[in-house]
Undergrad: 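Next up is a structure, given as structure tokens.
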There are 2 protein chains.
Amino acid sequence: MKSLNILLICVAVLANGQQGNAQSSDRDIISTSRADQRYASTRGVVQKMLADNPPVLKFRPEMTKAEFSVWRDSMAAAMKQLMRHPQLDVPAPALMKTRQADGYRIEKWESYPLPGSVVPFLVLIPDGIDSEHPAKAAALCIPGFGMTKETLAGQTANDYSLEGDPLEAPGMNAMARQYAERGIVAVAVDNPSAGELSDNGVFDYLNTSRILLEMGWSYLGLASYQDKVILDWMKQQPYIPADRIIASGFSLGTEPMMALGLLDPTIHAFVYNDFLCATRERILVMTKPDSKGNRPFPNSIEHLIPQFLTRFDFPDIVCALAPRPIIFTEGGLDRDFDLVRKAYEISGDTSVVECHHYPKFADSSARAKIDEVPCGVDRQEYFNIVNCDPPSHHFKMPLVHPWLRKLGLAD
Amino acid sequence: MKSLNILLICVAVLANGQQGNAQSSDRDIISTSRADQRYASTRGVVQKMLADNPPVLKFRPEMTKAEFSVWRDSMAAAMKQLMRHPQLDVPAPALMKTRQADGYRIEKWESYPLPGSVVPFLVLIPDGIDSEHPAKAAALCIPGFGMTKETLAGQTANDYSLEGDPLEAPGMNAMARQYAERGIVAVAVDNPSAGELSDNGVFDYLNTSRILLEMGWSYLGLASYQDKVILDWMKQQPYIPADRIIASGFSLGTEPMMALGLLDPTIHAFVYNDFLCATRERILVMTKPDSKGNRPFPNSIEHLIPQFLTRFDFPDIVCALAPRPIIFTEGGLDRDFDLVRKAYEISGDTSVVECHHYPKFADSSARAKIDEVPCGVDRQEYFNIVNCDPPSHHFKMPLVHPWLRKLGLAD
């Protein structure tokens, strides 16, 4: 009867007009007209299965500090199982090229995370930083969909050989360069299938994800593994303080950032530059069909990790990062941030978590106070309900820098 | 070095012009120009991983009869693990409607395989068949992509209430009706997301597959589970000989047919109405980019079962069905049929396996004798190489009926 309850809640919320944008119709939601409430439609059945089975490791705000600690260990163990990182003795990364820029040096390195694979990365070292004078902090910078490490470094996006000069106007997403300009060593990586890891210039996320899934692995498993090899290398560099490494993720890059956060307790702090999404809820509510009757596809299969949502969802993962410092720069639902703050409260310190909303939703009166997103919305309505403003989606150093200074990680 | 060898073999095969249609270029194959043979491209890396790791349960033609028996048990165990059928006490199916046609009766039943789900199916019972006079055999008929149980039954495709009369010209794919007209009880099912299981008429294979995968299940897992519940019901019907049930799959329907074959040793015989595809090889060789540089996507995610290809591939599965009778009606590579015949030879009887090719490839001189499909082909070239003729893809009762008579399963 649980799914019936959820259904009735959804219908009720919509009937109340709590979400002005969401015009409900029978077809917008998943429903059955049968007296026994059974679904003939497979969509109805899988919707019910997903609704009836919340993640087993869901964060519970009533946890004690001791329970929280045990739970956090379970979260890490589950992430380890899902990410399936191979245990390999990998060759040491090699320096390929060095280039001086105005105020920092760019180094191009190669890592060799798998037999037959090479994964280049860029290191931006502020002038004056060396083994005698290590930086205050270092940031592992993970890009968003369609982006390259060169974009993060403020170089021409597809200039993998670093022939060109740094861009004069690198744009807001040049997060690695922005860190370096603030005295922080920045390491910029590519996500799998993108940039220098693309297939002759084609960013073939779908094809590579599919082959990985066929083998029982996943795009995020590979991405986080590649990043972990580079992260481990970072810890060995004398000019990097191994205990003050920041994982900084933009958009798609927040996913490997979260995975690494659970897998590696030595990461000191997290920059979460996307809206905080409850992805399981998004699947359940984004059911409004288009003019042809097709309901929205959740997202592409580079986001698919089989069994992920049976364990936890994104808000649970960031809760489990407590008490390590984290900043959210692009909002989400107050409901989810209340949970995150509660996790930090349980683990002892709410001062290290900062939650900023998109400018459009910065005023709390602009944000709907809802406990459950109503069913029957399309993608645009969903974004609006969860306080997400896609046109303003970019890296937000003006929020990050003061937070880093507060934490003593930047001048 | 293995991938290098494969690469060189592929290049050599293409250079020899063994496949007239396949014009090779550097971009058509997956290659690396690095001296250390490492790939920067993620596609290169995943291609190498897939190539370097053949399925652990691959059929070995040198097996003894005892080894074959042990291997077959391992195949069944692996399939059970992959399909993840829930162990549920399901309600008995219920009869909803009966309708007499010319020479047979159609019954519409409902099964209840999961909490909250109803899966209707059709039963076609030839006149004169009852509990006192059971049929010689019964066939579980599983449709192809985009097809419904009503199409199989020779009814109007979307007439789920059976209001309309049987079609006067039901077409070649009305396999259930064709079985019934030959004295065989036929049970026609829908695949998940299709027909009466669709989402308000939308056959949403992708969305439902995605949600299933998120939960650690799969489209094929659900499809084969639904079919298994109906198969188990079939065995209880007094007019059906439980030991002479045929699993008959068309196209997509061959996949649940194969899964059921390994899971249920009581199935007596198999009708495989598609070309026999080595799906792992297909992924590895179908690498020729289109004009935009995109390589072909293997197939849609309703065919994705995480880890499947680490265990076995389709040819291995059909080998493990030996010594139970099987007919292939739409060919494939002679290489694969040689393996299948070898499996039947090991298990004791090659007379019960029949392999027919598409008319276009029926003459053996029309078929290339190749051990490995060359890399660098597109979908059309692939089909041509493996003797598949998509325009002639339909159910082939003229081949099936004589084989059934030979086996004593039809008059």
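Heavy-atom basis, side chains included; hydrogens, waters and symmetry copies ignored. We name chains A, B, ... by the order of the sequence lines, and we start the count at 1 in each one.
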Undergrad: Measuring heavy-atom distances to chain A, does B:I283 have an atom under 4.5 Å in its side chain, in its backbone, in both, or in neither?
TA: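 The answer is the side chain of B:I283.
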Undergrad: So does B:D290 pair up with B:K292, basic N to acidic O under 4.0 Å?
TA: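 No salt bridge links B:D290 with B:K292.
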Undergrad: For the candidates A:P120, A:P296, A:P289, A:A194, which exhibits the highest count of non-hydrogen atom pairs separated by less than 4.5 Å from chain B?
TA: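 It is A:P296.
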Undergrad: Is it the backbone or the side chain of B:S198 that comes under 4.5 Å from a heavy atom of chain A, or both, or neither?
TA: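 Only the backbone of B:S198 comes within 4.5 Å of chain A.
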Undergrad: Which of these passes side chain to side chain donor-acceptor pair (under 3.5 Å) with B:D199: A:R43, A:Q47, A:R295?
TA: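 Running side chain to side chain donor-acceptor pair (under 3.5 Å) over A:R43, A:Q47, A:R295 with B:D199 returns exactly one hit, A:R295.
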Undergrad: Taking side-chain contact (heavy atoms from CB on, under 4.5 Å) as the test, write out the residues that go with A:A153, two or more places apart.
TA: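 Scan of A:A153 (side-chain contact (heavy atoms from CB on, under 4.5 Å), adjacent residues dropped) gives A:L122, A:L124, A:Q155.
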Undergrad: Sort B:N299 into side chain, backbone, both or neither according to what part of it lies under 4.5 angstrom from a heavy atom of chain A.
TA: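 For B:N299, backbone and side chain are both near chain A.
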Undergrad: What I want to check is whether the side chains of B:T208 and B:S193 have a donor and an acceptor closer together than 3.5 Å.
TA: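 Note: B:T208 and B:S193 side chains meet the donor-acceptor criterion.
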Undergrad: Which of residues 78-97 of chain A have a heavy atom under 4.5 Å from any heavy atom of chain B?
TA: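 Residues in range: A:R84, A:P91.
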Undergrad: Answer yes or no: is there an ion pair linking B:E110 with A:R34, defined by an N-O contact shorter than 4.0 Å?
TA: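 Salt bridge present between B:E110 and A:R34.
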Undergrad: Output all residues satisfying side-chain contact (heavy atoms from CB on, under 4.5 Å) with B:F297, sequence neighbours left out; order by chain, then residue number.
TA: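 Listed in chain order: A:L206, A:N207, A:R210, A:I301.
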Undergrad: Without hydrogens or angle criteria, can the side chains of B:T148 and B:D190 be said to hold a donor-acceptor pair below 3.5 Å?
TA: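 Looking only at side-chain atoms, B:D190 and B:T148 do not form any donor-acceptor pair under 3.5 Å.
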Undergrad: Given that the side chain runs from C-beta out, which part of B:R280 has a heavy atom under 4.5 Å from chain A: side chain, backbone, both or neither?
TA: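 For B:R280, there is no contact with chain A at all, as no heavy atom is under 4.5 Å.
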Undergrad: For B:W217 and B:Y225, take the angle between the two ring planes, folded into 0 to 90°, and tell me which bin it lands in: parallel under 30, tilted 30 to 60, perpendicular over 60.
TA: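 Rings of B:W217 and B:Y225: tilted, as their planes differ by 30° to 60°.
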Undergrad: Is it the backbone or the side chain of B:S300 that comes under 4.5 Å from a heavy atom of chain A, or both, or neither?
TA: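 Backbone only.
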Undergrad: Taking only residues two or more places apart in sequence, or in another chain, which ones meet B:S117 in a side-chain contact (heavy atoms from CB on, under 4.5 Å)?
TA: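 With neighbours one apart ignored, the set is A:V45, B:P113, B:L114, B:V119.
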Undergrad: Pick from B:G116, B:P115, B:P298: which one has the most heavy-atom pairs with chain A under 4.5 Å?
TA: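 Result: the option with the highest number of such pairs is B:G116.
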Undergrad: In terms of heavy-atom pairs under 4.5 Å, which option from A:L304, A:I305, A:N294, A:T310 contacts chain B the most?
TA: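 Going by pairs under 4.5 Å, I would pick A:L304.
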Undergrad: To the nearest 0.5 Å, how far apart are OG in B:S33 and CG in B:D26?
TA: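 Answer rounded to 0.5 Å: 9.5 Å.
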